[in-house]
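First up is the structure itself, then whatever we jot down about it.
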Amino acid sequence: MAVLGPSGCGKTTLLRLLAGFDTPTRGVIQMNGRTVANSKSVIPPEKRNIGMVFQSFALWPHMNVAEHIRFPLQHHQFVSPELKKNAGDRVKEVLDIVALGEFAERMPNELSGGQKQRVALGRAIAPKPDLLLMDEPLSSLDAELRMDMRSEIQGIHRRTGASIVYVTHDQSEALAMADRIVVMNRGAIEQAETPWMIYHQPKTEFVAHFVGKSNLVRGKWRDGTFSPDVAEALDWQDQGVSDELKQKNIFPVRPEQFDIGLDQNGVPGIISSVQFQGKEIHYTVQVSGAAWQVITDVFHRYRLGQQVFVRIKKERMRDKPIDRDISFR
Amino acid sequence: MESIQDAYSKGKGSIPERGLPSFLLKRTFPFILAFVFLLFVFLLPLYRLISLSFVSDDGLTIENYTRVLGQPATWNVFMNTLMISGGATVIAVLLGVGFAWLIAYTNVRGKRLMQMFIILPFVIPSYVTTLAWTQFLGANGLAAKWLALLPGDLKPWNLYSLSGMIFVLGLTHYPLVYFFTMSVFRKIPRELEEAARASGGSKYRIFWRMTLPLALPGIVNGGFLAFLASLDNFGIPAFLGIPAHINVLSTYIYQQIVGFGPNAFARASVLSVLLGALALLGMLVQWGLLKKFKPMETAREDKAPRYYLGKFKKRLLEYSVWAFFLVTSVMPLLSMMMTSLISAYGLDFQWKNISLKNYAFILSESPKTKQALINSFQLALVTTLAGMAVGTIFAYLHTHKPSKWMKTLEMIIGLPYALPGTVMALSMILAWMEPIPGWNPGIYGSIMILFIAYFTRFLILQVRGSMTAILQVDSSIEEAARVSGTNGWAKWRRILIPLYTPGILSGAFLVFLTALTELTVSALLYSAQSETIGVVIFGFEQAGYTTYSTAFSSFIVLLILAGFCLLYSFETIRHRRETKDHDHKNRTTRTAVWRFSGAETDRSGD
């Protein structure tokens, strides 16, 4: 599960509450039906069956890779007796999982960023915790490495079967890796659902804008059709807009759902910015009172300042997604 | 996840409180006890001092103040103190800023060795430096011999004077200014100066209009510390001023106390309150000024040179610097060692007059020196070890659970070091003669009072050292240990202690060195059986046994230098083993800089 939100939205606080480093001022945290924290008392992290990967990796500079992985095996309070007895085998096994077998004797300062990341991962999974917490684990890696590590973490998730709570501010990371996404803003949960639903049926303006980069078009909903304020004569078909946004009379349109044409059926506007991106072109179109972001293919090109018409593509997003909509518990 | 349930039952039956280390809770009581004890040890002396200054035979009064302030001698001493401290500060600022600019900005070679020479006044106690200078510029010294070669009747400068004291104090305290200015210089983004040059400013204008104003926080900080250290210093005015009958507050207070006489303690306490107030006022002004400065945006230190001097200029500067060190460090120390090797004071330094008999005397014949070595080593060791334990625990609590209480406590712990040494020593006498009215445990008059005094005075150095060490370890490092299942002994033994130790040891080393050669406090608190190294050297010098005092001082200097070499090689090995990455350079300087400046080591008072 991914916790997604802009910086300062409280996602790291949420994670630290789950870990037990912080104490809630109100409310109760339960794990498997057991209260682990309320406003008065807290089970500290060392007494929870968790593993954690820190944003800064938090490797111990004076220990080598194997020692990092052995440490929780010796001290974690939920390590099964067999695992403890065969700690040596487990260290080897974990080193294999994180592909650091050759680096067992290396010190942290002799490792690259991606290798450090894998040590931190290995240390977290070694005692086989029920819950794995990850605090923006990829944010200190460069873009290419981040892509590789995504699939490695997914692989580790499959092999270990542990639940993972994964905090990130990068929506593509969350969409790509998570079974469930919790979108947070200003300390509150905005929406918690499958990536598909978060992307295609945002329930709040914030989610629509933050995850899908949607243009929030205001207008009037009438029996499944929408007429935008800027062009009341138009009728847009419902493409799976959530009831919550319908009630607010908003139609969230992701940039790629728009198309630009010169024939007059659409919202008139003037192109105020063109950014060529290679496989697509990003336009900003100035319609009366609003600037819309539009992404089109590269086969039709428009000039800066050109008078165009923005229309909505005819797609039906109401088709059921493959991972059926199971609401977040 | 039944395991959580297990955790419950394994635990104390209820969820433990918050994330606190459990030992804190189980033993809240000892902590309260420790708190009260600290208050007692740290604040009672000051209370006694202040109250004594307001007491006379007829109860509460300000009579003591009016009497002391009514004497012209008091004002004379006051003026001397301000003049000497002020003058020394000017010299310290000029030298400190100059060297800081040279090392931070230019491409002169041999910066490492230069830094070592700059550190030297911190390492060698100021009374030894003074002794060395008196030998260098004395009637039989090297300087006199060289001047005799010149035409005209030239005599070396008389150091036993106001100007002499200002000079030696300035030379002793300029490293303080150097370190604070240096760290700011290096943080000034070079783009700022480059932008000014691109806008057409000359090098000279840029230095005055950009570099100096930007470095002002460091200069002010270092300058005030140099002023406070001069105010506090006892060794230099004691060695140079007392023979010339020029008194400053620290020596004046000392003479009141050792001279006894009627009302000696009352008079001394009034003077101490005044000196203490002066020091605290200085600190308040410094604090107020520093609050006005905006912090620099970059925290990164830029170590590459910014001014590439031409070949000729560079050579000239390098030679001048080395000449400066030769004259101000090497020559005086060499003169002192030469004196220590002649068989009788006043003889020429010739082969037939050279002997090791002074060393034989101090190392085997004199029981005093041996006892002093034992005393000082014992004092330094116990102070260091006790400080390491208490200081580190306090630093850990302070950094992990910051609160107003902790801040207040830190200020209280810092007080004995912030106050001038003579003031602190007098308040110790007053507090421990009869800690509870009517009960004299015999602490004053034994070595115990020195243990207590050193511990209270130097604890803050260890607290700061340990705090730096603890803050250098990111909190997530500790959290990673907790998530791995331990918040107890294993966390400390395997993670925290190995990571904190180098930093804690650096602080401990500073405490050890400072305590080993301390003079100010021990000069007032020693008794027949508890003389320290500083006291014995001071005693030899006052009695006119210059050959013995120089021999003992030379021995101590060699001891300290040997210790430093040992430490240096130890650190080099550790760095080579531990940090090979980019962190390396950063850390080396950080340790060095905070050890000598962040901890505000002014070698105060010696």
Side-chain angles (χ1 to χ4, degrees), chain A residues 16 19-23 30-38 40-63 67-80 107-111 120 123-124 126-127 129-133 135 163, chain B residues 1-22 24-25 400 472-503 574-584 586-587:
Chain A
R16 292 178 62 83
F21 289 120
D22 291 337
T23 309
Q30 293 191 332
M31 283 182 180
N32 284 11
R34 283 274 145 197
T35 301
V36 294
N38 56 37
K40 287 192 196 77
S41 52
V42 159
I43 291 188
E46 61 272 13
K47 294 192 176 132
R48 298 184 184 194
N49 192 1
I50 54 171
M52 185 161 173
V53 179
F54 294 84
Q55 186 171 7
S56 57
F57 309 148
L59 299 187
W60 300 310
H62 60 300
M63 287 191 186
E67 285 169 329
H68 271 90
I69 291 163
R70 196 173 296 118
F71 188 90
L73 290 173
Q74 290 165 335
H75 300 290
H76 205 283
Q77 305 189 2
F78 299 90
V79 177
S80 60
M107 302 300 276
N109 59 34
E110 297 165 332
L111 299 173
R123 176 176 67 187
D130 284 347
L131 180 62
L132 206 51
L133 305 171
D135 186 6
S163 310
Chain B
M1 206 205 282
E2 265 156 326
S3 22
I4 287 280
Q5 201 177 355
D6 294 348
Y8 276 176
S9 43
K10 264 193 272 172
K12 318 277 145 354
S14 67
I15 319 182
E17 286 279 317
R18 313 244 151 167
L20 272 180
S22 50
L24 242 184
L25 292 155
H400 283 67
Q472 271 181 16
V473 176
D474 194 82
S475 60
S476 66
I477 294 269
E478 186 178 347
E479 286 168 2
R482 294 187 62 186
V483 170
S484 299
T486 169
N487 192 29
W489 178 229
K491 175 185 84 175
W492 279 95
R493 185 174 58 86
R494 298 209 37 206
I495 310 289
L496 293 185
I497 291 179
L499 291 177
Y500 290 164
T501 300
R574 184 171 64 79
H575 281 305
R576 212 170 284 157
R577 200 183 51 202
E578 211 173 76
T579 41
K580 284 182 189 166
D581 57 348
H582 61 280
D583 216 33
H584 174 93
N586 244 334
R587 199 143 149 197

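Note on naming: letters A, B, ... go to the chains in the order of the sequence lines (proteins, then strands), and numbering restarts at 1 for each one. Nothing here was measured: the structure is a model prediction, and the numbers come from that model.
- Side-chain contact between B/Leu499 and A/Pro61 is present, with heavy atoms from C-beta onward closer than 4.5 Å.
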For the pair A/Met52 and B/Arg482, evaluate side-chain contact (heavy atoms from CB on, under 4.5 Å) and give the outcome as yes or no after the intermediate values.
-> CA-CA 10 Å; A/Met52 185 161 173; B/Arg482 294 187 62 186; over 6 Å; no

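- The nearest pair of heavy atoms linking A/Trp60 to B/Ala480 is CZ2-C, 3.7 Å.
- Scanning both residues, B/Ile477 and A/Leu59, for their nearest heavy atoms gives CD1-O, 2.9 Å.
- In plain terms, the two heavy atoms of B/Arg494 and A/His62 that are nearest each other are O-NE2, 2.7 Å.
- Checking side-chain atoms of A/His75 against main-chain N and O of B/Lys491 turns up no donor-acceptor pair under 3.5 Å.
- Side chains of B/Val483 and A/Glu46 form no contact here, defined as non-hydrogen atoms less than 4.5 Å apart.
- The most heavy-atom pairs under 4.5 Å with chain A, out of B/Ser476, B/Ser475, B/Ala490, come from B/Ser476.
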Evaluation steps, salt bridge (Lys or Arg N to Asp or Glu O under 4.0 Å), between B/Glu479 and A/Arg16 | CA-CA 10 Å; B/Glu479 286 168 2; A/Arg16 292 178 62 83; 2.8 Å; yes

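- The greatest number of non-hydrogen atom pairs below 4.5 Å with chain B, out of A/Gln55, A/His76, A/Arg123, is found for A/His76.
- Going from atom CZ of A/Phe71 over to atom OG1 of B/Thr486 covers 5.5 Å, rounded to the nearest 0.5 Å.
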